[in-house]
Every structure is written in structure tokens, then in C-alpha cells.
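No experiment lies behind these values; they were computed from the predicted model shown. Within every chain, numbering begins at 1; the chains are lettered A, B, ... in the order of the sequence lines, protein sequences first and strands thereafter.
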Amino acid sequence: MRRLRIALSQGLLLGESLAALSAAGCETLGLTPDERRLLVRAGDVDIVRARPSDIATYVERGAADLGIVGKDVLMETGARVLELVDLRFGACRFVVAAPRGAVASSLDDYRHLGSLEVATKYPNVAERHFRARGIPVEIIRVAGSTELAPQVGLADWIVDLVATGATLAANDLAVIEEIAPSTARLIANPAAYHTRRDVIAPLAQRLGEWAEART
Amino acid sequence: MSKGDQADGNGGPVVLAPPRGFRDILPTEARELRAIERTLSEVFASYGYLPLDPPLVEHGDATPVAGPARLISFLDRDGTRVALRPDITSAVARLVAQRYSGPSGALRLSYFAPVFREEPAMLGAERQYDQAGAELVGAVGPLADAEVLALMAESLACAGLHDQQIEVGHVGVLMSLFAELDDASRAVVLRELRDGDHVGAFKRARRAGMSTDGLRRAERGLAARGMAELDALTLPEASALHEVIALARQLFGGARGDWAVPNLALLPTLPYYTGIVFEALRPDVGFAIASGGRYDGLLSAYGAARPAAGFAINVPRLHRALFATGWRPRHDQCLVVIEPGDPRRTARLASALRGVGVTAAIGPIAESGGLAVVNVDVVDDEHVRHADGRVLTVDELARVVA
């Protein structure tokens, strides 16, 4: 059997992911967020670093046994993985936002035109949300700078992931509705969780205790 | 026009690749799949499971196994919607309700057949793949559960997969871990567990008023793997699961006695399972190779309220796992390729070779399907010249290539 492989998100979650693993007894010695190698042997485990949205794919297909990734990514990709532990860091939330002061006029547009245009990097989350609300929308998929869309007339509203809300405020947007909160999760490939339970269950337990102790 | 396409008579390109999501299975692979089919069919038959061939096309309604988005459906000439069958279990349920609604004994049915699903399919982007499986209809109790479990294990072992682990869960035991909750909350918790969201399931159970002790016990139950940890839960339903696994190990010894491991975290996505559930897993393969369980509620959807249990083997995944271990079909004969000489003499020689059980083709050949090739020249009706220069009788050659 190959060594246990853990996939970590590059970027914002990496520092705390490493801290969590290290606190749970995984040797992450010498691994820093500045590390350039993408596959690193660390003690008894191999650590893989990848884009957040790819973590779910790696774990779903069994290329990595475990992963640490935001709930937001799981919601958007719908990856078939086991969510074992809420690690409680990396808190953010999916929100619907509109230009401040333009909510009333956009609702008026909606009454006349029967549909709203919503720009987002998260079309699946947005589509599910509005379908559940029974509001017909046209989802406009963008790759970044969603906050710009209402200012230039690309869309009426946006669905975005916000941590502090500072970027929304700076672009004169206000939160209309919160869709769902998100924090980092320890995820497992189901087959790996079943066949490597003796290693994964204790690690999940320690990570759970670590997360609980910090809050 | 892309590479590999050819012009048709009207000057337009003829597309040579099959439609999206379908592919040609060429001789080397096809021969290996046939070998797997033969072995599996023999094992199914040895347990008294009779073969069944439902049609490729079924009514276009979504089945309990495949939702409308996963059906490959189209309109029939009379305007009704039909679909390529997405699974065999639904077809079995339909035909049991139609043809076997009266009999009271157990029905043992098996199949090896392609199923069709719209993407995302089970392996890559394929929309067609073979499933091999068995259904035990009308039998309940530990021995029936154990039989289905043992048959799946024995089938995989006979096919050549020796290091698989079969994880066995139980929907009833899982329900009893959340017995404190009312039915509605428990159903939601179970749905989240089916979706793999343990975090969400426990948050919901806590919100629904489950005690801290109860939550801890459920957490321990979900992490439990192995007989000792199962027994430590001291639940009556858990000892029933213990009994099923013990019986299955009696039915099929296997290379290792402990091929079946209780594991309550095992819960398939499909909602129709009611009792034991199991999956064949191998370390370092991210997907289940085969899975099954008891689904007493499924047949009643078709109007036949009969208990049922069964399993399905994903044949491409099994083939892939076998291939990774260096497996090749057993009893592979060499292919004797006869360099043709005098046509009549060549024909008589080919006939004589086949008469003694030699696989013989009159050359030259473009494809050997992965078989070892022995080239021979015609000497006379009863003799060949082997590539190494020896002159052999057909009987001698038969011994050489055996």
C-alpha cells in the first residue's frame, strides 16, 4: 500500500492547514507556504498541493486519500467525498449582493422582465440557491472580479464568496442574502477512508479535537 | 476533416470514431472481458443463479438507480419515450412484478450485460459499460444476506482478484445509532450521511436534540471497523450484522478468513437500501469495484412487494484492477498461424489441427488479440514445419502449443 497522501489547498488555507496537521502529530517539518515542490514527503505521509477546486477532484478519484478544502469548493463541485471534520478555519460565506441602493430598482426590473441576471464564479451554488427560492435568473459565469459586474451593467446581482465583506463595500455592493457559511473541511476518499481507517480515524479525531480547542 | 476520417461518396467526411461516450472494444481487451464473463457466469451458476437477459431498451421513466439526467433516452416512433437501460436491477424488479408475482420461493437471477448512463459515467466519460451481477428475490434472513455477500466475494476471487477487502455496513444498525431522533430528523441525518457529509449530519443531529452521549456513541459507531469494534457497540442490530458476516465466511472461505469487514461508515448514495450494504474495495483504488446490499423496498416500486438483495460488479473496474496485478486470462492457447501453401493441403492441415484442439488461422494475420503466435509452414496434411525448423505431426504441435 502506498503512503497516506494528503492534498492541501494552495493559497489562503495552506498556512493553517499545515498548522493543523502539525498539531495533530503529522510531521510537516520544513514545509512552509513558500515551498515550491508540489509533492513532498513529510514523515509518514506525502503532501500534495493543488488549486482548491482540484483538491476535491484528487480526493474524489483517489489520487489523494485525504484533503483539506473549503466547504465552498465542495458545494460548488459536488464532489463525492466524505466530509469528516469541520476544521473551523478559513471562514467565509456565500452571499447574494447587489449595488447599494439599487435593490428596489432591481426588484422592479424583476417584476417587469421576469428574470434577473446574476454574475458569479460559482454557477452551481448560485443556480441551486435561486432554484430553491423559485426566482428565475440567468447565471453569467465569470472567472474573477465578480464585484465589477453590476457596475458595468453585466449583471443585476452577484453571488460571491466573502470573508470580511470589505471588497463588496469598496465596490458599493450590499449583501441581500446569505446563502451558506463555509469553513475548511477534512475530506476523505470513501474507499481510502474504509481501507485505511486505522490511520485516518485517529488523525480525524486529533484534528477534530484541535479545531474544537481553538474555538 | 480530422485525421482518421474519410470522405464519403458525397464528399462529406465520414466520422470513424463512435458517438461520444461509446467506444470499440478491440480483440485484446474483448478477449480478456470474455474470460472474465466466463468465470463470473460459472460462479453465479454454481450458487444456483440462472442467467437472465432483459432488453437493451426500457421505458423512459427514471429508475430508482438512475435519475432522468443520467438516462440516455429518445422517442420511439409512436412518440413514447424509451431509454437504454441504466441498470439491470430495475429491469429485474419490473419483470419479477410482471412474470413472477405469484411464486413464493426464492428467485436467483444473474446477468452479465452492458448498461448505459449519461455522463458522468462510472469510468472516464463512458456511457456504456458492462455490469455483472446477481439478484436474490424473495429470500430474507441472515443466510440470504450472507449468500449474496459470499457470492460477490467468491466471484471476484475466482476472477483473479485476491486482495480485495469487502466492507460491510448495515442501514439498520446505522439507524439504531440515531434512534434518539424522531423519524423526520433521522431521515435527514441519514441523507447527509449518504451524501458523505459526516460534519453536516452530526451538526443536524445535535440541533435536533440528540444527547452528547448519543452523539459520541454514534461517532464511535461510524468510526467502528472490524468485528471487535462492532461488538463493542452492544447493539442488537450489530450482532445481526456480525452473524451475517460469520455466515458469509462459512459459505466462502477465501484466501484470507477476514475478507469481509464490518464497517458502519459504509453507506451508498442510493436511498433504497434497507439492510446490509457492501462494497469490494482495494487499497489505492479510489472506487468500489463491486457493490450491493439488501433493498427490500425497491421491488414494491414496481408493484411486487418482495424482499430482494443483490450486487453488481463494475466489469471495467474489475478488469482494470486485475490488469494492475499482472493478470492475464487463464488457459490462453497459442494462435497457430499457418503460412498457406497448396490451398487444398493447407485446408486439410488446418482442419486436422483444429481436430486436435489447436487454435489455427490461415495467415497472414493482422491482429493476434494478445495471443502468443506460433508460425508454421505446411508440409503435408498431417505435418507442419515449426518456425524453429522442426517438422512436427499435428499431435506433436498440439502438445507444443498446449
Side chains of A/I187 and B/H198: does their closest heavy-atom pair fall under 4.5 Å? no
For B/T269 and A/R80, test the side chains for any donor-to-acceptor distance below 3.5 angstrom and give the result as yes or no. yes
So, for A/R197 and B/A265, which heavy atoms are closest and what is the spacing to 0.1 Å? NH2-CB, 3.5 Å
For chain A, find which of B/A223, B/G226, B/A288 contributes the most heavy-atom pairs closer than 4.5 angstrom. B/A223
Report which part of A/R5 has an atom under 4.5 Å of a heavy atom belonging to chain B: side chain, backbone, both, or neither. neither
Flag yes if more than 12 heavy atoms outside A/R2 fall under 6.0 Å of its CZ atom; otherwise flag no. yes
Between A/D198 and B/R225, is there a salt bridge with N-O shorter than 4.0 Å? no
B/R282 vs A/T195 side-chain heavy atoms within contact, under 4.5 Å: no
Can you tell me which portion of B/A224 sits under 4.5 Å from chain A's heavy atoms? Options are side chain, backbone, both or neither. backbone
If I take atom CD from residue B/Q165 and atom NE2 from residue A/H194, how far apart are they, to the nearest 0.5 angstrom? 11.5 Å
Could you tell me which portion of A/E60 (side chain, backbone, both or neither) has an atom closer than 4.5 angstrom to a non-hydrogen atom of chain B? backbone
Counting only heavy atoms not in A/D44, do more than 12 sit closer than 6.0 Å to its CG atom? no
List the steps and the verdict of side chain to side chain contact (heavy atoms under 4.5 Å, CB included) for B/K203 and A/D86. CA-CA 10 Å; B/K203 276 184 183 165; A/D86 182 353; 2.8 Å; yes
Within the side chain of A/N189, is there an N or O that forms a donor-acceptor pair under 3.5 Å with the backbone of B/G286? yes
Heaviest contributor of heavy-atom pairs below 4.5 Å to chain A, chosen from B/L266, B/L281, B/V199, is B/V199
Take atom CZ in A/F94; do more than 12 heavy atoms of anything else shown fall under 6.0 Å from it? yes
Check whether more than 12 heavy atoms from other residues, nucleotides or ligands sit under 6.0 Å from atom CZ of A/R141, and answer yes or no. no
Under 4.5 Å to a heavy atom of chain A? For B/V261 that would be neither
Within a 6.0 Å radius of atom CZ on A/R51, are there more than 12 heavy atoms belonging to other residues, nucleotides or ligands? no
Counting only non-hydrogen atoms closer than 4.5 Å, does B/L222 touch chain A with its backbone (N, CA, C, O), its side chain (CB onward), both, or neither? backbone
Identify which of B/D195, B/V285, B/L193 forms the greatest number of heavy-atom pairs closer than 4.5 Å to chain A. B/D195
More than 12 heavy atoms of other groups within 6.0 Å of A/I140 CD1: yes
